[in-house]
Amino acid sequence: MKQPSNKQFSINSFPRIRLRRNRLLKFSRNLVSENNLSVNDLIYPIFITYGSNVKEAVSSMPGIYRFSLDQLHKEIEYISSLNIPAIAFFPKIEDELKTTNGKEALNKNNLVCKAIKISKKINPDMGVITDVALDPYTDHGHDGILYNGQIDNDLTLDILCKQAIVQAEAGCDIIAPSDMMDGRVAAIRDTLDDHGFVNTQIMSYAVKYASSFYGPFREAVGSSLNLTRKSKKSYQMDPANSAEAFREIRLDINEGADMIIIKPGMPYLDIITRAKQEFNFPTIAYQVSGEYSMIKCVIQNGWFDKENIIFETLMCFKRAGADGIITYFAPYVAKKLINKVL
Ligand code: PBG
């Protein structure tokens, strides 16, 4: 369409060059968009719990539920129908089963193992990711073994390797160590290989900050009460640090990780960008529980437009350099993406 031009501005290349031209029409904006969000980028975390007929709301995460195994079928079928490529299970373990050394993690019939089997039976093609860490299983809520008042790194490695084997035997595709112990990727890789699980992938939480953004998650898995006033700063990273993040990533890659996770997501986009630039390695962003709840609460107050804010945050992860995104918004986004294609 013809527009009046304002020739009085002849500075530099204006008015010849107008960046707004490409932005004017929707088809053109789509043609020049530098990043894309697809359903293939999404990983959905699912909380599981004991009992039957349980679908209980996680109060600090509006719209998110804990499912008992008999209710899980429906959820898995729903997630499959949306073509979400992978899910990650997080268990809420009964208090009676929590111990100082988290031994329920090694029970071949524990909640996570059963959930893996249910999921694989319903849809063998959907990737199943399981967390390797002890926090849902310990009575002190820490990710490792508490010994002499400290989280003991090497004692923990031993049990994490066993936990990884239990999960691999149950049929998970990807082991995701989220405990931040030193040397765990190498230890788990060797143990998996020794047991014949040479193709079980490791998606390492290479960079995991000691963050307040995990608060709602700890309520969801029931570890916050156990953890009262005890911080995870002796193993998770200081939010002030970034050089250290690259040492962590380098080690995990050298130890045999197949993919790395950076977590939390949005406040740490600088880490995602630098990680991708420096290592060009499969990089996953985790939009954690606190990020979800923050966005969700503001949507509920009517102060954000739901679709726009969710898509914007996920696109920002892609722009920063993430290949995949673990997000509690995955079903919502997948549904919208399907509708967009039609
Ligand atoms: C535990 C674990 C945590 C999350 C994933 N695995 C919490 C923590 O370290 O305390 C956080 C996920 C979220 O906040 O969504 N190993």
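All residue numbers refer to positions in the sequence shown, counting from 1. Both counts, for ligands and for their atoms, begin at 1 and track the order of listing. Hydrogens, waters and symmetry mates are skipped; everything else that's a heavy atom, side chains included, is used.
Within the listing of ligand 1, atoms 8 (C), 9 (O), 10 (O) sit less than 4.0 angstrom from a heavy atom of K232. The D135 neighbourhood of ligand 1 comprises atoms 1 (C), 2 (C), 16 (N), with distances under 4.0 Å to a heavy atom of that residue. Heavy-atom proximity to K263, at under 4.0 Å, picks out these atoms of ligand 1: 2 (C), 3 (C), 4 (C), 5 (C), 6 (N), 11 (C), 12 (C). Below 4.0 Å from some heavy atom of D143 lie the following atoms of ligand 1, by number and element: 1 (C), 16 (N). Each of the atoms 1 (C), 2 (C), 3 (C), 6 (N), 8 (C), 9 (O), 16 (N) of ligand 1 lies under 4.0 Å from some heavy atom of K208.
Looking only at atom types and distance, the side chain of S234 has no donor-acceptor partner in the side chain of Q150 under 3.5 Å away.
Relative ring orientation between F217 and F90 is described as perpendicular, the plane-to-plane angle rising above 60° on a 0-90° scale split at 30° and 60°.
Considering D179, D154, D190 in turn, D179 is the only one that fulfils the salt bridge (charged side-chain N to carboxylate O under 4.0 Å, His left out) rule with R184.
Here the side chain of R29 pairs no donor or acceptor atom with the backbone of N22 at under 3.5 angstrom. In this structure a side-chain-to-backbone donor-acceptor pair under 3.5 Å is missing from Y268 to K208. The backbone N or O of D131 lies less than 3.5 Å from a partner atom in the side chain of Q167, making a donor-acceptor pair. Side chain of S68 to backbone of N53: a donor-acceptor contact under 3.5 angstrom is found.
Atom 16 (N) of ligand 1 has its closest protein heavy atom at S178 OG, 2.7 Å. For atom 14 (O) of ligand 1, the closest non-hydrogen atom on the protein side is S289 OG, 2.7 Å. Nearest protein heavy-atom contact of atom 12 (C) of ligand 1 is F217 CD1, 3.3 Å.
With a heavy-atom cut-off of 4.0 Å, Y292 does not touch ligand 1 at all. For V288, heavy-atom contacts with ligand 1 shorter than 4.0 Å involve the backbone as well as the side chain. If you look at A133 next to ligand 1, the close heavy atoms, those under 4.0 Å, all belong to the side chain. If you look at D179 next to ligand 1, there are no close heavy atoms at all, none under 4.0 Å.
By the 4.0 Å heavy-atom criterion, E291 is excluded from the residues contacting ligand 1.
Residue Y205 has no nitrogen or oxygen atom sitting less than 3.5 Å from a nitrogen or oxygen atom of ligand 1, judged on distance alone.
K263 has no carboxylate O lying under 4.0 Å from a charged side-chain N of E291, or vice versa, which leaves the two without a salt bridge. A salt bridge does not link R274 to D270: none of the charged nitrogens lies less than 4.0 Å from a carboxylate oxygen.
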